[in-house]
Amino acid sequence: MRKYPFVVIGAGAAGLVVAIGLARAKKRVLLIEKGAFGGDCTNLGCIPSKSLIAAAEVMHAAHVLGKMGIKSKAYINCEDALKYVHRVVDTIRKKEEPNVLKKEGVETLSGAARFIDSKTLVVETAEGCQIKVQAKKIIIATGSKPRIPDVVGLDTVPFLTNENIFELKSVPKRLAIVGGGAIGCELAQAFRRLGAEVELIHPHKRVLDKEEPIAAKLILEIFQKEGIKMHLETDFQEVQYHKGVYTLFLSRRKVEADALLIATGREARVCGLDLVKGDIEIGPRGILTDSYGRTSNPKVFAIGDVASSLMFTHTAEASGRALVFNLLMPWPFKRKVVSTDANPHVTFTSPEIAGIGMTQKEAEEKYGEKKIKTYFVPLDEVDRAICQDMTEGFVFIVTKKWSSRVLGATIASSRGGEMLMEIGMAMTFNVPLRKISNLLHPYPIYNLAIRKAADQWLSDIILRKKKK
């Protein structure tokens with residue numbers, strides 16, 4: 001039996017933050033991971049996908065250089081592009097491997113952990129050894145996994161998910177993607193720009209259906225312009241596989257492809273943990289916790305994707321930082337919770353779709369339509385976007401009408417995620433939109449679109465009222 005004050009299960013974004021934070025506070029901590037250290041984001045998600053998107057963006061830019069007077073014949077070696085993705089992953093993974101963590105004071109153990117009672121784990125290593133581990137506090141940070149739909153024949157075919165698509169050695173000639181959320185849209189555009197014929201299947205009326213409708217409409221128009229075939233309001237009912245060809249039977253047609261990517265969402269990774277033996281309750285979205293990450297077992301905490309409906313790396317890291325503070329600080333200190341009111345997210349299509357806070361519909365449902373004011377600035381009114389020939393996009397901000405308190409925003413733009421942080425800062429520190437007019441924005445940056453929106457408050461609310 002190995003005994004520790006702290007044990008962390010899962011070496012992804014949340015688990016690494018907790019383990020390193022506790023180790024830097026001179027606490028003995030064991031970090032258990034059954035897969036690659038760094039978790040899904042480093043190995044299977046954010047890092048490989050953004051690397052592939054970067055290669056696709058360069059390829060796309062080479063094809064449109066003629067607008068700027070640059071004549072160039074560009075071609076891509078897809079095998080080398082995918083090797084580039086793997087090199088980037090290896091570079092970032094090296095910062096999170098056991099030998100690096102050891103220097104931070106974190107003990108590591110590779111293997112699959114499961115509970116055998118409320119404070120004891122058994123870890124089965126790849127070699128077949130079983131090691132018992134006991135802890136005063138256990139933190140579950142096992143993340144999430146792809147949600148696989150119940151479709152006839154899907155369990156018999158070798159389909160792709162974000163966990164294995166980056167293992168491809170070449171770009172498929174025909175790629176079918178099921179799912180029009182962030183992962184499906186990002187990879188649809190990237191593989192199309194790398195030369196694949198892409199067909200995207202989605203059961204709803206619009207892709208990115210949790211975003212503002214104007215954002216979804218823009219992405220749909222761009223996808224169609226770039227040659228992505230869209231099948232919206234279409235159910236995926238059955239799949240067959242024969243001699244390397246997939247036949248997808250949809251509600252109104254069938255599609256043939258050389259590769260099939262399933263991107264229909266994610267779910268908490270709890271399989272194999274034996275949570276019942278640990279006295280830990282689970283709900284439909286993952287492990288049930290209070291606002292401080294405590295589970296039904298007071299000795300066990302759960303953070304990150306495994307206990308949240310907001311499955312973002314930055315949210316997982318934030319929950320990890322809050323938990324470290326709460327574990328280390330005595331009770332007279334106020335406990336930290338992770339606020340989701342200003343939780344940002346970015347879909348890394350081109351243009352990026354960056355969102356934060358409420359949509360217009362959500363704000364109107366909460367406060368009433370008459371108390372809400374929105375501001376829209378198209379990028380074709382922003383000089384930097386005109387210079388870069390990237391005018392497909394906008395800034396859309398939702399506020400309380402008279403105070404101009406920011407309730408949410410959507411930005412469709414190159415580097416929209418970076419632009420969004422000006423809005424995030426305003427929301428976090430209760431700075432009303434009108435005061436952003438006083439912030440000097442160096443000309444001609446993209447963020448001038450936000451200042452233009454702030455200027456509209458004076459003209460639309462105050463001056464218009466005076467005229468009346």
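The closest donor-acceptor contact from the side chain of Glu33 to the backbone of Gly35 lies under 3.5 Å. Here the side chain of Arg252 pairs a donor or acceptor atom with the backbone of Glu233 at under 3.5 angstrom. No donor-acceptor pair under 3.5 Å is formed between the side chain of Thr347 and the backbone N or O of Ala182. Between the side chain of Glu226 and the main chain of Phe223, no donor-acceptor pair closer than 3.5 Å is present.
Each ring pair (Phe, Tyr, Trp, His ring centres under 6.0 Å) pair with one or both residues in residues 421-450, not counting sequence neighbours, would appear here, but there are none.
Shown here are the salt bridge (Lys or Arg N to Asp or Glu O under 4.0 Å) partners of Lys50, two or more places apart in sequence or in another chain: Glu186. With sequence neighbours excluded, the residues that form a side chain to side chain contact (heavy atoms under 4.5 Å, CB included) with Leu250 are Ile201, His231, Thr234, Phe236, Leu248, Arg253, Val255. Under the ring-ring contact (aromatic ring centres under 6.0 Å, His included) criterion, His204 pairs with His202, not counting sequence neighbours. In this structure, the ring-ring contact (aromatic ring centres under 6.0 Å, His included) partners of Phe376, at least two apart in sequence or on a different chain, are Phe394.
Counting all heavy atoms, side chain and backbone alike, Leu31 lies closest to Gly10 at CD1-O, 3.4 Å.
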Could you pull out all donor-acceptor pairs under 3.5 Å where a side-chain atom in residues 302-310 meets a protein atom, sequence neighbours excluded?
{"residue": "Asp305", "atom": "OD2", "partner": "Ser144", "partner atom": "OG", "Å": "2.8"}
{"residue": "Ser308", "atom": "OG", "partner": "Leu310", "partner atom": "N", "Å": "2.9"}
{"residue": "Ser308", "atom": "OG", "partner": "Leu310", "partner atom": "O", "Å": "3.4"}

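For Glu163 and Arg269, the salt-bridge test passes: some basic side-chain N is under 4.0 Å from an acidic carboxylate O. Using a cut-off of 4.0 Å between Lys/Arg side-chain N and Asp/Glu carboxylate O, Arg93 and Asp90 are scored as salt-bridged.
Taking 4.5 Å as the limit, some side-chain heavy atom of Leu261 sits within range of a side-chain heavy atom of Leu175.
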